[in-house]
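Below, each value reflects all heavy atoms present in this structure, side chains not excepted, and no hydrogens, waters or symmetry copies. Numbering starts at 1 and runs along the sequence shown.
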Amino acid sequence: MGKSGSNNRKSPQAPGSPRAWQRMLSGRRLDLLDPSPLDIEIEDIAHGLARVARWNGQTKGEHAFSVAQHSVLVEAVVGQLWPATSAADLLGALLHDAPEYVIGDMISPFKTALGVDYRQFEGRLEAAIRLRFGLTPHMSDETKARVKQADQFSAFYEATRLAGFDIDEALQFFGAPPPGPAPDMTPMSPIDAQALFLRRFETLIAEVDADRGKG
């Protein structure tokens, strides 16, 4: 990982135009319209995702179920269902919702209502994040399909255990999860979710680097 620090890159915006960048706690300034991998830090991602609530916060428990905790769950499901998945693809699974550290977790119907411009914005940010950590700009179609399936399974568990969905309703929207015990769905505090996400990232990035060293 690169060290966090102040960002000296000049904004391309014309004087007096609306601000289109966000300052992160690391000191980075991320241009939202043209995001650069150089302005992305994993600490900012973990901090943000641990404070973004899934299901718009409409879940049971003392804490919201965060996108950080969801991301770790999805990556774990990918690894369980496809044990031969490479460390790079597992890292991609962990980072599949990473753009939400900037744009928040919009529910799927709202994303659809916003249309293609939102999807393009999200895609540019996702590509910058993946490049920052040595991945290709986009997942392969196979990996994307697997992550999507794991995401649906995770959503089923979240919906039925935390968000008040009954089983039949969840099956209609998310499909049936694989057989076996449900994972622990206890929502964590933001501090604990942030630490969980960072620990998993550190493990995976070390494995990715080791794999590259063998090549």
Inset, instruction - May I ask whether I205 and F197 are part of the same hydrophobic cluster, defined by side-chain heavy atoms of I, L, V, M, F, W, Y residues being less than 4.5 angstrom apart, directly or through others? - result: yes

Legend entry - NZ/NE/NH1/NH2 to OD/OE distance under 4.0 Å, E126 and R130: no

Inset, instruction - Before accepting this row, confirm whether a basic side-chain N of the pair D141/K144 lies closer than 4.0 Å to the acidic partner's carboxylate O. - result: no

Inset, instruction - Treat each ILVMFWY residue as a node, draw an edge where side-chain heavy atoms are under 4.5 Å apart, and state whether L81 and L90 are in one component. - result: yes

Legend entry - S26 to R28 - nearest heavy-atom pair and separation: OG-CG, 3.1 Å

Inset, instruction - For residues R51 and Q194, determine if any side-chain heavy atom of one lies less than 4.5 Å from a side-chain heavy atom of the other. - result: yes

Inset, instruction - Quick one: do E100 and L49 satisfy side chain to side chain contact (heavy atoms under 4.5 Å, CB included)? Show the steps, please. - result: CA-CA 7 Å; E100 293 177 8; L49 294 185; 4.1 Å; yes

Legend entry - Single-linkage hydrophobic cluster, 4.5 Å side-chain cutoff, M24 and L32 together: yes

Legend entry - Shortest non-hydrogen separation from L135 to R212 and the atoms involved: N-NH2, 4.2 Å

Legend entry - Ring centers of F173, F156 separated by less than 6.0 Å: no

Inset, instruction - Apply side chain to side chain contact (heavy atoms under 4.5 Å, CB included) to the pair H96 and H70, showing each step before the final yes or no. - result: CA-CA 10 Å; H96 78 283; H70 164 81; 3.5 Å; yes

Inset, instruction - State yes or no: do Y157 and L171 share one hydrophobic cluster built from I, L, V, M, F, W and Y residues joined by side-chain heavy-atom distances below 4.5 Å, directly or via other members? - result: yes

Legend entry - Rounded distance [0.5 Å steps], CG in D166 versus CD in Q172: 9.5 Å

Inset, instruction - Return yes if a side-chain donor-acceptor contact under 3.5 Å exists between S71 and D97, otherwise no. - result: no

Legend entry - Heavy-atom pair of closest approach, residues T186 and Q69: O-NE2, 2.8 Å

Inset, instruction - Give the minimum heavy-atom separation between P187 and H63, together with the two atoms involved. - result: CB-O, 3.3 Å

Inset, instruction - Carefully, step by step, assess W21 and D39 under the rule side chain to side chain contact (heavy atoms under 4.5 Å, CB included). - result: CA-CA 11 Å; W21 54 265; D39 295 329; over 6 Å; no

Inset, instruction - Could you tell me whether the side chain of N56 and the main chain of Q58 form a donor-acceptor pair under 3.5 Å? - result: no

Inset, instruction - Kindly assign one of parallel, tilted or perpendicular to the pair F174 and F165, based on the angle between their ring planes and the thresholds 30° and 60°. - result: tilted

Inset, instruction - Give a yes or no on whether L25 and I103 share a hydrophobic cluster (residues Ile, Leu, Val, Met, Phe, Trp, Tyr; joining criterion: side-chain heavy atoms under 4.5 Å apart). - result: no

Legend entry - Under 3.5 Å donor-acceptor, T85 side chain and W82 backbone: yes

Inset, instruction - Apply side chain to side chain contact (heavy atoms under 4.5 Å, CB included) to I42 and L95, showing your working. - result: CA-CA 10 Å; I42 194 60; L95 296 172; 4.2 Å; yes

Inset, instruction - Indicate the atoms forming the closest heavy-atom contact of A98 with I45, along with that distance. - result: CB-CG2, 4.1 Å

Inset, instruction - Please report the shortest heavy-atom distance between A93 and V74, naming the atom on each side. - result: O-CG1, 4.5 Å

